[in-house]
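The structure appears below as structure tokens.
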Amino acid sequence: MEQNHIQTPDKRTNTFAFFSLAVGIFALFACVSPPIQLLLGATALMAAYFSKNGQPMTGPAIAGTIMGICGIISSFVFLAFYVFTLRMLDDPNNVAMQREIMRQYQDILNTFTTK
């Protein structure tokens, strides 16, 4: 008796590809801290690379790569913004403006706390 064995294609999920996608998403939303965003972006790129296993990248790995690259680029943009802001705050010409902003901020807080 002859049996007909039909093999289904191997549909293993590539955990590195999905890990790359998840870490890439976190890298985009970690803009509060550029060093963490840089590490998450680099991790997403490495996980996407490890997911290849000698084969072409899958969709989640490609998306993780793109998000990782965007996370790395945005970490440098946010870092430059933080450095620019700190440099501006150290300028003695801006002291009067800083005090006025803080006074207005304190006035707004006082309106919410006093009834």
Side-chain angles (χ1 to χ4, degrees):
M1 190 181 239
E2 189 175 319
Q3 293 180 353
N4 190 3
H5 294 287
I6 300 174
Q7 286 186 335
T8 58
D10 190 14
K11 293 192 176 188
R12 294 181 303 164
T13 57
N14 194 342
T15 55
F16 276 120
F18 286 105
F19 179 72
S20 170
L21 178 63
V23 173
I25 291 171
F26 286 132
L28 288 178
F29 291 113
C31 57
V32 176
S33 176
I36 292 174
Q37 190 176 20
L38 180 66
L39 288 174
L40 289 173
T43 304
L45 288 176
M46 287 189 303
Y49 178 75
F50 290 144
S51 73
K52 286 178 62 169
N53 286 336
Q55 299 173 351
M57 283 187 164
T58 59
I62 293 170
T65 301
I66 292 169
M67 288 186 208
I69 290 170
C70 290
I72 290 171
I73 290 170
S74 63
S75 73
F76 285 118
V77 169
F78 281 110
L79 184 63
F81 177 74
Y82 290 154
V83 168
F84 173 74
T85 303
L86 290 175
R87 294 282 181 176
M88 186 188 78
L89 293 176
D90 286 341
D91 187 8
N93 296 329
N94 296 325
V95 172
M97 180 183 69
Q98 293 173 22
R99 288 188 180 152
E100 179 63 24
I101 290 171
M102 294 308 289
R103 188 194 59 75
Q104 290 176 3
Y105 178 70
Q106 188 64 42
D107 291 343
I108 291 171
L109 286 179
N110 289 338
T111 60
F112 287 120
T113 56
T114 58
K115 292 184 181 183

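Values reported hereafter were calculated over all heavy atoms of this structure, with side chains retained and with hydrogens, waters and symmetry mates removed.
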Report yes or no: do [X] and [Y] belong to one cluster of Ile/Leu/Val/Met/Phe/Trp/Tyr joined by side chain heavy-atom distances under 4.5 Å?
X   : Y   : result
I69 : I72 : yes
I73 : F76 : yes
L40 : F19 : yes

Closest heavy-atom pair and its distance - [X], [Y]:
X   : Y   : result
N14 : S51 : ND2-O, 2.7 Å
A47 : F16 : O-CB, 3.5 Å
S74 : Q37 : OG-NE2, 2.7 Å
A30 : I36 : CB-CG2, 4.5 Å

key: Side-chain heavy-atom pair L38, L79 within 4.5 angstrom cut-off   = no

Minimum side-chain heavy-atom gap L28-C70 below 4.5 Å = yes

With sequence neighbours excluded, residues passing side chain to side chain contact (heavy atoms under 4.5 Å, CB included) with A48 = S20, M57, A61, T65

Measure the spacing between [atom1] of [X] and [atom2] of [Y] and express it to the nearest 0.5 Å.
X   : Y   : atom1 : atom2 : answer
S33 : Y82 : OG    : OH    : 7.5 Å
F18 : T58 : CZ    : OG1   : 6.5 Å
F26 : L21 : CZ    : CG    : 10.5 Å

key: More than 12 heavy atoms of other groups within 6.0 Å of R103 CZ   = yes

